[in-house]
Each structure stands twice: as C-alpha cells, then as structure tokens.
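Following: one structure in structure tokens, then a few remarks.
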Amino acid sequence: MTDDLNATDYPTAETRPERVLGRRGKPLDSLTMDAVLEGDVDMEDLRITPQALLQQARISRSVGRAALARNLERAAEMTEIPKADVMQVYELLRPGRAHSKQELLETARHLRSRHKAALLADFIEEAADFYDRRGLFRKRY
Amino acid sequence: MSQSYDANRWKRFEDWDARALRLDQFAIEDPENGFSAFNGAADPKPGLGIKGGKVTSMDGVAASDFDLIDAFIATYHIDPDIAQEAMAIPSEQLARMLVDMNVPRTELTRLARGLTPAKLAETVAQLNAMEIAFAYSKMRARRTPGNQAHVTNAKDDPLQLAADAAIAVALGFDEIETTMRVARNSWSNALACCVGSAVGRAGTLFQCSSEEAEELEIGMAGFTSYAETVSVYGTESAFVDGDDTPWSKAWLAAAYASRGIKMRCTSGAAAELLMGFHEAKSLLYLEARCLCLQRGMGSQGTQNGGIDGAPLAASIPGGVREILAENLVAVWLDLECASGNDARHSESDMRVAAKVLPYLIGGSDLICSGFGSILKYDNSFNPSSFNGEELEEFLVLQRDFEADGGLTAVEDARALDLRRRAIDALSFVLKDLGLAEATEVMKRSVAVASGSNDTASFAPRDVALISDRIRDNAITVLDVIRSLHRGGFEDEAENLLFLVKLRVSGDYLQTSAIVRDRRVISAINDPNEYSGPGSGYRLTDARRKELAAIRDVLTREEVLRAEAASEMGEARSIRYRSMGPASPGTAKAEIVVGVSPGFGSKIFRTLAGHRLSAVLGALKAGIERGGGTMRLVRFRHTADTSFLGLSAARLSGSGVGIGLQSKGTAVIHHKDRLPHNNLELFSNAPITTLEHYETMGFNTTVYAKGEMPEPVVVPTRGEALGARFHARVALTYAIETSMIEDNASPEDLELTFLEQSP
C-alpha cells in the first residue's frame with residue numbers, strides 16, 4: 001500500500017519526490033532559481049502541506065516515535081490555520097489568559113467547526129480540563 | 001620575596017586564591033533547599049498505576065492530585081502498552097542494560113516509553129560518570145556527531161553577523177543561532193545571518209532566538225529553519241512563572257512544525273532552583289520530568305544538559321555528573337540532544353575542558369548547543385564553554401582524541417575570503433532592497449576584525465532601522481534570494497534556495513536531522529546502532545585527515561629548512577677543521593668538549609636559538625677563565641648526551657669532559673663515573689643561556705682540580721618545555737641519530753672563530 005510509508009521512504013524529497021509538493025501543488029523540481037527569478041515561486045510554494053506532515057508522521061510512527069507523529073498530525077491540522085489565529089490560541093493557552101474553562105472550550109469548538117481541526121480541538125479540551133483542576137484561570141495581569 | 005615568616009597560613013593557599021577556579025562559587029549539598037544533584041529531599045519513589053489504559057497514579061501521586069506536568073506526562077508520555085513490562089524491570093537491571101553493548105538502543109528506547117520520570121532518574125543515578133558517558137554514546141540518536149554555534153555581536157552589526165556566520169559555516173557547524181542585544185533588531189540579525197550562512201556551503205540550519213510570536217514570524221518569512229527556545233520546566237510553579245504550560249508549549253511545538261520549521265525544546269538542571277520553585281526535588285528528577293514532558297509533546301529533540309542553569313548545577317556536588325545523566329535520559333527517551341556545553345559553567349579552563357570531553361569522545365547530536373564562534377564579549381547569550389578565543393583548543397582536542405566534534409580548521413587566507421564574500425553579499429542585499437548602505441570603510445573594518453570592538457560599522461540606531469524596514473516591507477527570503485542573484489552572488493542564492501526548499505518535504509522535522517553534503521541525515525537514515533568496537537560512528541580516513549590538519553604543523557623538511565637558513569650565518573662565524581682521529585690527552589688542564597654527529601654540519605642552533613658557535617665560544621671562555629684549555633672532539637658512535645660526556649671525559653687529559661648535543665643539551669662528566677651518573681646535567685636546552693654555558697665551562701676546571709664548584713642551576717618558570725619543543729627535538733635528534741656509525745672513531749676538530757663571539 002502506497003500510504004504505508006516507513007524509514008525506507010526517507011528522506012522523502014529524495015525517495016518520493018513525486019509526493020512532495022508545495023502548497024500550490026508545485027513539485028520540488030519546479031522550484032528552480034529561474035522560477036524564483038521570474039516570480040513564479042512565492043512563499044506559499046515553500047510552505048509545508050498537511051500531506052507532507054502526515055507522511056512524515058507515518059514515517060515517525062513506523063520507527064516507534066508515536067509521540068512525534070502525533071505532534072506532526074496536530075501540525076498538519078494547524079497548517080490550515082492562519083498565523084494570527086495560531087498565535088492567538090497560543091496566547092490563550094498561557095497561564096491566566098483564558099478566564100474560564102468555557103473560553104477554551106469555545107476555542108476548541110471553533111477549531112473543530114471552522115478549521116476541521118479535531119486533534120487540536122481535543123487537545124484544547126483536555127487542557128481546559130486540567131487548567132480547571134489546577135486553577136489556572138486565575139488573573140495574572 | 002616576603003621576609004615575614006610569621007604568616008598564620010600556608011602561602012600555597014594564596015597561590016590557589018589567585019587562580020581563576022576560585023572565582024567559581026561552590027554550594028553545599030542541601031536537599032531540603034533544592035541543592036541536590038541526585039537525591040532530593042522530596043524525590044518520589046518510582047511507581048505507576050494503570051487501569052483500563054489510563055494512568056491512575058504515577059511516582060507516588062494519585063491521578064486526582066496530578067499537577068499539570070504529571071497530567072501531561074501521564075497522558076502523552078506514558079505508553080500503557082509498554083508501561084507494565086518496563087516498570088517491572090528493576091532499575092539496577094535497566095542500568096546494566098544501558099551500558100550493555102549487546103542490548104540494542106531500540107530496545108531501550110522502546111522501554112523508555114513506559115517509564116516514569118522517577119524510574120528514569122533512579123536508573124541513570126546508578127551509573128558512574130564513565131558509565132553514563134558510555135551509555136550516552138551508545139544511546140544518542142544519530143550516528144554522525146554535530147555541533148552548533150552562536151553567531152552574535154555586541155553591536156548587532158549585520159555585516160559582522162554575515163561574516164561570522166560564513167566562518168561558522170566554514171568551520172562545519174551544522175546549526176547556527178543568533179540573538180540580539182536589542183530585541184527590535186531581530187529581523188536585521190536574521191537576514192544578516194541568513195545571508196552569511198549561505199556563503200561557502202548549503203544546508204547550515206539557522207535560528208534567531210527571540211520572542212515566541214516574532215520568532216515564528218521570522219521563520220515564516222523563510223529566514224530561519226529551526227527553533228529551540230521552547231523552554232519547559234520540571235515543576236508546575238516554575239512553568240507557570242515562566243508564563244507557559246505544557247499545553248501552550250506543545251501548541252508552539254506543533255506551530256513550528258506546521259510552518260516546516262525544525263524545533264526542539266529546552267530544559268536543563270537547576271532552572272527550577274534558579275526560579276525559586278524546586279519543591280525540594282533533585283536536579284535529575286526535575287529534569288527527567290522535563291524530558292518526559294518533551295517526548296510527550298512530540299518534540300523531536302531537546303537542548304538540555306544544564307544550559308543556563310549549568311553554573312548553578314556545577315556548584316553542587318555531583319552537579320556535572322548530573323548534567324551528563326540528564327543528557328542520557330534525553331537520548332534514552334529517543335530525543336535529539338543538543339547537549340548543552342554552552343553557558344560557561346566555570347571560570348576554570350580545566351573544568352570546562354573536562355566537562356566537554358565525554359561529549360567530544362562519545363559524540364553527540366550537537367555537542368555544544370551554542371559554541372561561541374565569536375569572542376566572549378560578542379556573545380549575546382553569555383560566554384560559552386568554548387568561544388572564539390578557545391576555538392583552536394577544541395580543534396586540537398578533536399585531533400588529540402581523533403574524535404569528531406563536528407569542526408574543521410579554516411585556513412587563514414580562506415577565512416578572509418569568506419568574510420569578504422559574506423560582507424559583500426550582505427552589503428549588496430541591504431542596498432538593493434533599500435535597507436541601508438555600507439561604506440567601504442565599514443566593510444573593510446569588519447572583514448579583518450576579530451570582534452566588534454575593532455569594527456567601524458553600523459551604529460545600533462542604523463540596525464534598528466534596518467530591522468524595522470525588513471519587517472515593515474514584509475521582505476522574505478525569496479526577495480533575498482532574488483537580490484543575491486541580481487548582485488552576482490549566484491552560489492549564495494542557490495544555497496539559500498536549497499535550504500528553504502527543505503521545509504516543503506519536512507524531512508528535517510524528523511529526530512536529529514541536520515544537513516550534510518546537501519542531504520538531510522537524521523536518526524532515520526543515519527541511526528546510531530552502536531553495538532561495540534567497530535560499530536557506531538567511526539572516522540573515515542578523509543575525516544581523520546581533516547581533524548589532523550590544524551595550522552602550523554611541524555615537518556622534518558621545515559626543521560631542515562630552518563637549519564639551512566642558520567647554516568650561512570654559522571659559516572661566517574666559525575670554521576671546523578678535521579684533524580684526524582682523536583687520542584687521549586695528557587695535559588692536566590685539558591677539558592674535552594665532545595659534540596654530536598650533526599653538530600655544526602647539519603644542525604646549527606640550540607633549542608634556545610643560540611648559534612652553536614656562540615655556545616662553543618661561551619664554553620671556551622669559561623674553561624679558560626678557570627685556567628683550562630678546550631679541545632673539541634666530534635663523536636660519531638653516539639648522539640646520546642651521557643655517552644658523549646663520558647667519552648669526552650675519557651679522552652680528556654683532566655679526566656673531565658663535556659658532552660654537547662646540537663640541540664644544546666649538555667653534561668659534565670668524569671672518566672671514572674658510570675654513564676648516567678654525571679657531574680652536572682643541562683637538560684633544559686631551550687632555557688639554557690650562554691652565561692650558563694660559560695659557567696659550565698668554568699665548573700669543569702674546578703672539577704678537574706678535584707674541587708666542588710657551585711653547580712649551575714638553570715632556573716625554570718614551569719614552562720611545559722616538552723610541549724613547546726619535543727616535536728622539534730625528536731626531528732632534530734633523529735637527524736643526529738641517523739648519522740651514527742657503530743665503532744666510528746672520534747676525531748679532533750680545530751676550531752676557528754671568524755667573528756667576535758658574543
């Protein structure tokens with residue numbers, strides 16, 4: 001099965017170049033200096049895709065690194081979230097930024113519905129639970 | 001010299017007080033107050049309860065009482081499928097497995113997924129320093145060792161950053177890290193190092209340590225390729241005081257990966273102690289918590305091993321062993337390890353070198369997580385263990401131990417070329433993108449400067465403006481690549497494009513990834529599979545030669561060349577004429593000076609740099625002052641000082657003779673003594689003066705009268721003469737021994753001084 005990537009498929013840029021595409025679908029070998037000079041390449045083409053992250057996650061898992069794989073899977077969901085939102089959630093996860101459990105749960109709901117980010121939503125919900133137990137919704141400034 | 005003998009203190013303590021070591025502070029072990037490396041007053045016993053795949057208790061804490069760190073570890077680190085098996089193994093047995101080369105690394109990393117922080121700590125604490133070092137070498141993730149540099153300067157001068165980044169790349173650093181004196185300068189620092197690191201070679205990863213959001217933005221603009229500022233702590237209070245939680249940091253970890261940026265966490269001994277929230281737990285236990293947390297977050301790696309807490313950890317008994325132990329926990333947990341050795345833990349060079357040695361000989365993913373490639377005062381992080389000042393010492397340690405510390409010497413001329421290239425490239429980009437204009441004077445001053453004290457470059461205000469413009473104009477790495485290309489810096493443009501393309505595949509997000517020869521290597525395609533001698537990382541012949549190739553290495557040809565240069569001078573000073581075979585003399589005042597085979601024919605100077613004619617002149621003057629006469633005899637059956645001296649004494653009418661080697665080593669001998677039981681020996685040729693030789697000549701005449709002179713004492717200031725001279729001695733002496741002929745007869749030499757002797 002082609003999706004069962006493992007250590008032998010690594011590095012993917014060398015062994016599976018056909019599966020390594022930029023965010024606008026350009027393969028690596030089209031990201032040439034000429035293309036850059038002609039303005040055919042922009043930062044979007046140099047951004048990692050969810051697919052690439054999921055491929056790396058499968059490789060990680062195949063060598064016994066499930067925790068790293070889970071992080072890459074969360075990251076795959078995050079590629080779809082604008083930078084400002086990513087940083088906003090980060091800020092909210094810091095101690096005392098969210099003032100109630102509800103605030104975090106609301107964020108999780110938003111991630112799930114708006115960004116189809118189920119793993120991230122689960123992650124925030126879990127945090128909400130533990131923050132609540134440890135009294136982290138206290139005011140810091 | 002003080003004449004007071006009334007001191008109530010042995011003066012050696014004053015000598016010790018004056019050493020750099022005494023600037024270090026040492027603290028007493030005090031487990032209640034957090035000052036314990038391995039045995040905290042409140043360290044828990046290992047334990048784990050699991051019910052229905054959920055952790056119910058861990059290290060003595062029930063799930064309902066978990067703090068954020070316990071909870072995170074129990075949820076994301078502990079693998080319930082393995083935990084029962086792993087926790088059942090006694091820690092003594094795990095400790096033995098760590099140092100058993102027959103137990104594969106992968107078996108141990110598998111078990112680690114089921115071990116609690118207290119169990120990990122209890123296990124590694126049973127190993128002595130050597131066992132920890134060995135286990136570290138066996139357990140580290142990537143086979144090929146690497147290294148990381150700091151590139152910063154006290155002025156945040158972009159030209160110097162570019163030049164120094166190019167040098168760091170040439171030295172072989174796999175990663176370079178910058179930070180700023182002024183936070184606002186981050187964009188300028190990032191662009192400057194980014195351009196500099198593209199000079200000479202592609203693939204050096206680069207990070208700009210700054211405020212979290214900004215660091216991510218700089219990464220997204222393509223200037224940086226990794227981050228390691230995601231700090232974690234071992235107590236909840238320290239974590240919250242650091243304004244984060246395990247979940248916020250894990251969020252950041254995913255954020256970096258989502259933008260194709262390599263990331264590792266940071267933690268290290270004594271951070272909690274420094275922050276005042278240690279909970280009376282040991283450095284090692286708290287760090288084990290940090291590391292389980294990092295694995296749980298899905299960080300591919302860690303920067304640990306003291307880090308900023310290293311000086312405090314090292315003030316505690318066993319603190320340096322603890323730093324090694326926490327690095328071992330990191331690699332046992334299958335994390336890439338940038339193994340500290342950055343913030344300098346001591347003012348003592350010896351303590352610093354001793355600390356780095358296990359990592360150098362055992363290898364590490366990144367031996368230093370910040371080797372100061374710049375001078376100490378230019379290091380905006382703080383002085384590192386090794387800095388620009390000590391860089392050559394590190395190169396020599398690599399050569400001494402034939403151990404790959406990731407670095408390679410850079411030749412003089414090449415260093416200057418690279419600096420100029422980097423400065424020109426950056427200057428062009430700055431001008432081309434409308435950021436700033438560097439003058440010729442600025443560029444020239446930076447090219448040759450060792451540090452920012454010597455530069456006449458951008459002022460701090462200029463840098464802030466450059467930085468603001470980069471950010472405000474939303475300049476990206478693509479703009480820089482195009483600009484470099486426009487300026488004719490095509491190689492640099494290509495190198496930079498190569499680097500940013502890495503983020504598309506994400507290959508370098510895997511554990512322990514670096515780039516070598518334009519290829520990503522990591523724990524996946526370059527795994528450390530140490531299983532005993534002959535396995536694991538070994539130097540190739542080519543790499544061994546690189547490590548050996550430091551500057552100013554002595555060769556036989558060079559010694560001969562130097563002698564040939566002296567030969568002409570000697571030809572104008574002295575003439576030796578062979579007078580045929582020498583026979584025993586009868587004159588009571590005669591002192592024979594017996595010289596070695598190459599004396600005055602192949603070798604012309606002593607190690608102290610005296611011309612041999614001058615030495616002979618001094619001896620002659622001394623002998624004559626004592627009323628004696630000198631006869632010069634060349635021996636060819638030996639080059640050994642003792643035998644030269646004894647042979648000379650046996651030919652001498654007085655029975656007293658001098659043996660003199662070309663390198664200046666001399667002996668006074670008597671015909672009736674055993675070969676190695678001489679009258680006076682002048683073994684320290686490099687510090688023997690002409691006055692000493694004169695007195696030596698005089699003393700022979702006193703011995704000849706059967707009296708006892710005041711022996712000549714050549715005072716030494718404790719110079720390591722062997723280190724300074726023995727390579728040359730060995731080469732010089734080999735020239736002499738190659739001229740030895742068995743049973744060759746001695747010959748008389750007639751001596752004519754052509755110039756006034758000194």
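Numbers restart at 1 for each chain; the letters A, B, ... are given by sequence-line order, proteins then strands.
Neither the backbone nor the side chain of A:R23 comes within contact range of chain B, judged by heavy atoms closer than 4.5 Å. If you measure heavy-atom distances from B:E236 to chain A, the contacts under 4.5 Å come from the side chain alone. Contacts of B:R486 with chain A are absent, with no heavy-atom separation under 4.5 Å from either backbone or side chain. Contacts of A:L92 with chain B are absent, with no heavy-atom separation under 4.5 Å from either backbone or side chain. At a 4.5 Å heavy-atom cutoff, B:R110 makes no contact with chain A through either its backbone or its side chain. For A:A76, no part sits under 4.5 Å from any heavy atom of chain B, backbone or side chain. Looking at B:I261, neither its backbone nor its side chain comes within 4.5 Å of chain A, counting heavy atoms on both sides. Contacts of A:T8 with chain B are absent, with no heavy-atom separation under 4.5 Å from either backbone or side chain. Contact of A:L31 with chain B is made through backbone and side chain together, with heavy-atom distances under 4.5 Å. For A:L37, the parts lying under 4.5 angstrom from a heavy atom of chain B are both the backbone and the side chain.
In terms of non-hydrogen atom pairs under 4.5 Å with chain B, the most contact-rich of A:L136, A:T12, A:V20 is A:T12. Annotation: maximal heavy-atom pairing with chain A below 4.5 Å, among B:Q300, B:R503, B:Q510, occurs at B:Q510. Contact count versus chain B (heavy atoms, under 4.5 Å) is highest, among A:M33, A:E73, A:E80, for A:M33. Listed options B:S299, B:G296, B:S522, B:A513 were ranked by heavy-atom pairs under 4.5 angstrom with chain A; first place goes to B:S522. Ranked by non-hydrogen atom pairs under 4.5 Å with chain B, the options A:L72, A:N71, A:L53, A:V36 are led by A:N71. Contacts with chain B were tallied for A:R134, A:M87, A:R47, A:R74; A:R134 has the most, counting heavy-atom pairs under 4.5 Å. Between chain B and the residues A:S62, A:A127, A:A52, A:A66, the most heavy-atom pairs under 4.5 angstrom are made by A:A127. Of the residues considered (B:L502, B:T109, B:D334), B:D334 shows the highest number of contacts with chain A, using heavy-atom pairs under 4.5 Å. Comparing B:M297, B:R295, B:H77 by heavy-atom pairs within less than 4.5 Å of chain A, the highest count is held by B:M297.
At a threshold of 4.5 Å between non-hydrogen side-chain atoms, the residues B:L333 and B:L120 count as touching. At least one side-chain heavy atom of A:D129 sits under 4.5 Å from a side-chain heavy atom of A:K101. Using a 4.5 Å cut-off on side-chain heavy atoms (C-beta onward), A:R19 and A:L5 make contact.
A distance-only check finds no donor-acceptor pair linking the side chain of B:D244 to the backbone of B:V232 [under 3.5 Å]. With hydrogens and angles ignored, the 3.5 Å screen pairs no side-chain donor or acceptor of B:W332 with any backbone N or O of B:M139. For the pair A:D42 (side chain) and A:E44 (backbone), a donor-acceptor distance under 3.5 Å is present. Panel note: side chain B:K249, backbone B:C265; no donor-acceptor pair is recorded below 3.5 Å. Counting only distance, with no hydrogens or angles, the side chain of B:S258 and the backbone of B:A255 share a donor-acceptor pair below 3.5 Å. Remark: side-chain polar atoms of B:S512 are not paired, donor with acceptor, to backbone N or O of B:A141 under 3.5 angstrom. Looking at B:W251, its side chain does come within 3.5 Å of a backbone N or O of A:V86 through a donor-acceptor pair.
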Exercise for review: Start with the C-alpha distance between A:R97 and A:E91, add both sets of side-chain angles, then the distance that settles salt bridge (charged side-chain N to carboxylate O under 4.0 Å, His left out), and finish with yes or no.
Suggested key: CA-CA 7 Å; A:R97 303 305 201 277; A:E91 184 61 20; 2.7 Å; yes

With side chain to side chain contact (heavy atoms under 4.5 Å, CB included) as the criterion, how do B:R519 and B:N525 come out once you've worked through the C-alpha distance, each side chain's angles and the decisive distance to 0.1 Å? CA-CA 10 Å; B:R519 290 198 66 209; B:N525 59 349; 3.9 Å; yes

- Query: Going through the checks in order, is the side chain to side chain contact (heavy atoms under 4.5 Å, CB included) test met by B:Y233 and B:F277?
  - Reply: CA-CA 10 Å; B:Y233 305 95; B:F277 297 108; over 6 Å; no

Practice item. Verify side chain to side chain contact (heavy atoms under 4.5 Å, CB included) between B:L433 and B:N473, making sure each step is shown before the conclusion. Key: CA-CA 10 Å; B:L433 297 180; B:N473 298 348; over 6 Å; no

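Of all heavy-atom pairs spanning B:R259 and A:P82, the tightest one is NH2-C, 3.8 Å. Across A:F137 and A:A98, no two heavy atoms sit closer than the pair CD2-O, 3.2 Å. Shortest non-hydrogen contact noted between B:G203 and B:F498 is CA-CE2, 4.0 Å. Minimum heavy-atom separation, B:S248 to A:R94: CB-N, 4.1 Å. Between B:L335 and B:L291 the shortest heavy-atom distance is CD1-O, 3.9 Å. In plain terms, the two heavy atoms of B:I218 and B:A190 that are nearest each other are CG2-CB, 3.6 Å.
Proximity to chain B among residues 113-123 of chain A is limited to A:L120, A:F123, judged by heavy-atom separations below 4.5 angstrom. Taking non-hydrogen atoms and a 4.5 Å limit, the residue list of residues 65-76 of chain B in contact with chain A, ordered by number, reads B:D65, B:F66, B:D67, B:L68, B:A71, B:F72, B:T75, B:Y76. For a heavy-atom cut-off of 4.5 Å, chain A lies close to B:M220, B:A221, B:G222 in residues 219-230 of chain B.
Each of B:R142, B:K262, B:R140 was evaluated against B:E336; a single residue qualifies, B:K262, per the side chain to side chain donor-acceptor pair (under 3.5 Å) test.
Listed by chain and residue number, nothing satisfies the salt bridge (Lys or Arg N to Asp or Glu O under 4.0 Å) test with B:E214 (two or more places apart in sequence, or in another chain).
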